[in-house]
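Everything below concerns the one structure shown next.
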Amino acid sequence: MTTKNFDFAKDTRYLELLSNSFPTIAEASTEIINLQAILNLPKGTEHFLADLHGEYEAFQHVLKNASGNIKRKVNELFGNTLREAEKRELCTLIYYPEQKLELVKAEEKELDDWYHIAIHHLVLVCRDVSSKYTRSKVRKNLPDDFSYIIQELLHERPDDKDKSDYVSAIIDTIITTGRADDFIIAICNVIQRLIIDQLHILGDVYDRGPGAHIIMDTLCDYHSWDIQWGNHDILWMGAAAGNDACICNVIRIALRYSNMTTLEDGYGINLIPLATFAMEEYKDDPCTEFMPKTSYENEMTDKSRSLSAKMHKAISIIQFKLEAQLFEKHPMWKMTDRELLKAVDYEKGTCVVDGKTYKMRSCNFPTVDPSDPIKLTEEEAAVMEKIHHSFTVSEKLHRHIRAMLQHGCMFAIFNNNLLFHASVPLNDDGTPKTVEIYPGRKYSGKDLMHHTGILLRAAFQSDSDAVERDYAKDYFLYLWCGPDSPLFDKSKMATFERYFIEDKETHEEIKGNYFKMRDNEKVVNGILDAFGVKGPNRHIINGHVPVRAVKGENPIKANGKLMVIDGGFSRAYHKDTGIAGYTLIYHSRGFQLVQHEPFTSAEDAIRTGADIKGTTQIVEFNQRRLRVADTDKGVEIRQQIADLEELLYAYRHGIITEKERKTKPKL
């Protein structure tokens, strides 16, 4: 065996540490054999989702069915040996085992026969989805109660004449001991766990839909996931960090979409002070511009809609004031032109936007002092103090934000795919644009994303510099609405104009160069080069801007180099997009893009077997099945093998002495 020349001071120290895990030649050799074998297993399946926006039922269903991957496996396994209705029933059982079992037990007359058939089918599916993993990895993901039994069923085939009675006896005993339900639930959960190796969330868990907190609970319990922060996630992170302008935006959006569930039920945010204040200050104002405008509004009474509108206007005015204060505090942002409360002529009812005067829809601002329009009143300050406290003491909110920080960042590179939520700021020639994120700190491309992430984390670190920590807390607002923010990248956020100015030319938000050029393969390749993404089959995958499939827009851009998978998961987007979102599957055979139709409910899925209807488009198909060796994990394993080979060299040449062989505990 050949090996590199040793730097004895460095290499021996490292190999001594490695020898603690592999103390003998035999154990190091065994691990090399194991790792070499793993390199030849099929690549694990990656699942990409974006812009969930609180739609927890659709999210959980897509997670359970792996964007149709389980249905595909069932069709491949059983083909014409099962009727379509039977395959649909089997899929539903895998997705919702507890609920489906209750229905079956209420309707099925020959329950023991049903148990036998169902368990045999589930074992076949589990055997198939576990085939791309080592036995060790499968074993680690089995429930303790049934680990041994599932292992036996997975690795013994009933068509083996010598073992058929053995397998039948296992299943018979599961049923006769009354453990059939528990076993079925356990093996269905194992199938759901093994069908996906890595889940990628490309941002925007929060806002619009009713269950962002439920999505975060689900993610916190998921086996392996990452997230690239979206602009709505950043808004909530800023709110948790104590940025009052972000807090106002969070509440305003919840009121706009008549959806307070995540705020009040999920995180226990107390909005009574805001409601009391709004009813007093805006009692005679119909607040017409602030009526909820979503699919949820029909579920509200006239009285609740009126109160919601008053609260909506109250928090919006506070937001405009607090944002303006931050724009003045940080002139480097160059956003003082967005202080539109200063641009209002309160006597004439007009507003100057971009040098042009516009008539306002209404000009009722009882809390605005025209001589100092961005100053909070004492009552507004008191309301914000109480709401701020609610956000800072919400343990569940902070637990979820910690999970976002632990599993997330501004971008990620997985297996030659560059993942980020929205954009990379670009110059007019398509090259990465240099952006100053902190006084004296200017970055572009990958460095911009990386250092933005570092800056944001400073807002949550008590040992960081106090000045930088304070600035980081403020910077969440810039990322939400700043022109050069990689999470916004538009000329302006026209919230004020949409509320108060009829003329729609003021509502236009001009998109940055990334959105104008992302169908240009040369520009996309330049971005991939700037981020150091290698390989012939490299891609950018992101969301943020819903793809309007109903108008013929294609989610595949730049000759297949870029995929946009925001197709409108949120109900609020369904009219615009005509669909209910895209998800992406990347398995050993290639990429599959799934276009979803709206999800009805989990209850329908359980009772009738209704699945989310999806159209699958093969984006790329590999002639040769990808293996672990072709992935980032393969690079890591090859390095581990090289290290172990050096350890073997050191053992065999007396550089390091073998330790006593590890002894297994007696059973």
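Bear in mind the structure is a predicted one, so any value in this text is a computation, not a measurement. Note that these values count all heavy atoms, side chains included, but never hydrogens, waters or copies made by symmetry.
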Could you give the side-chain donor-acceptor pairs of residues 455-469 under 3.5 Å, partners two or more places apart or in another chain?
residue: Arg457; atom: NH1; partner: Leu405; partner atom: O; Å: 2.7
residue: Arg457; atom: NH2; partner: Leu405; partner atom: O; Å: 3.4
residue: Arg457; atom: NH2; partner: Gly408; partner atom: O; Å: 2.6
residue: Ser464; atom: OG; partner: Ala458; partner atom: O; Å: 3.0
residue: Ser464; atom: OG; partner: Gln461; partner atom: O; Å: 2.7
residue: Asp465; atom: OD2; partner: Val467; partner atom: N; Å: 3.1
residue: Asp465; atom: OD2; partner: Glu468; partner atom: N; Å: 3.0
residue: Glu468; atom: OE1; partner: Arg441; partner atom: NH2; Å: 3.3
residue: Glu468; atom: OE2; partner: Arg441; partner atom: NH1; Å: 3.2
residue: Arg469; atom: NH1; partner: Ser462; partner atom: O; Å: 3.3
residue: Arg469; atom: NH1; partner: Ser464; partner atom: O; Å: 2.7

**Asked** Given the rule in the salt bridge (Lys or Arg N to Asp or Glu O under 4.0 Å) test, do Glu436 and Lys334 qualify, once you have shown the distances and angles that lead to the verdict?
**Response** CA-CA 11 Å; Glu436 188 172 17; Lys334 300 178 182 178; over 6 Å; no
**Request:** Could you please spell out the steps behind the ring pair (Phe, Tyr, Trp, His ring centres under 6.0 Å) verdict for Tyr56 and His213?
**Result:** CA-CA 9 Å; Tyr56 70 96; His213 58 295; 7.5 Å; no
**Request:** Let me see the working for Tyr478 and Tyr475 under ring pair (Phe, Tyr, Trp, His ring centres under 6.0 Å), right down to the final yes or no.
**Result:** CA-CA 5 Å; Tyr478 185 86; Tyr475 197 66; 5.4 Å; yes
**Asked** How far apart are the C-alpha atoms of Lys490 and Ile510, what are their side-chain angles, what is the distance that settles it, and do they pass the side chain to side chain contact (heavy atoms under 4.5 Å, CB included) test?
**Response** CA-CA 5 Å; Lys490 295 180 184 178; Ile510 301 171; over 6 Å; no
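Using bins of under 30°, 30° to 60° and over 60° for the plane-to-plane angle, the ring pair Phe365/Phe500 lands in the tilted bin. Relative orientation of the Tyr206 and Tyr267 rings is tilted, given thresholds of 30° and 60° on the angle between their planes. Taking the six-membered ring for Trp and thresholds of 30 and 60 degrees, Trp225 and His407 have nearly parallel ring planes, at less than 30 degrees apart.
Defined by atom type and a distance below 3.5 Å, a donor-acceptor pair is present between the side-chain atoms of Trp236 and Asp207. For the residue pair Ser67 / His47, a side-chain donor-acceptor distance below 3.5 Å is found, with atom types taken as modelled.
Within the structure, side chain to side chain donor-acceptor pair (under 3.5 Å) contacts touching residues 493-505 (residues at least two apart or in different chains) are Arg252-Tyr499, His312-Tyr499, Arg338-Glu497, Lys356-Glu505, Tyr358-Glu505, Arg361-Glu502, Lys492-Glu497, Arg498-Glu509.
The line from CD1 of Ile437 to OG of Ser485 is 11.0 Å long, rounded to the nearest 0.5 Å. Residue Glu55 holds its CD atom at 7.5 Å from CD1 of Ile215, rounded to the nearest 0.5 Å.
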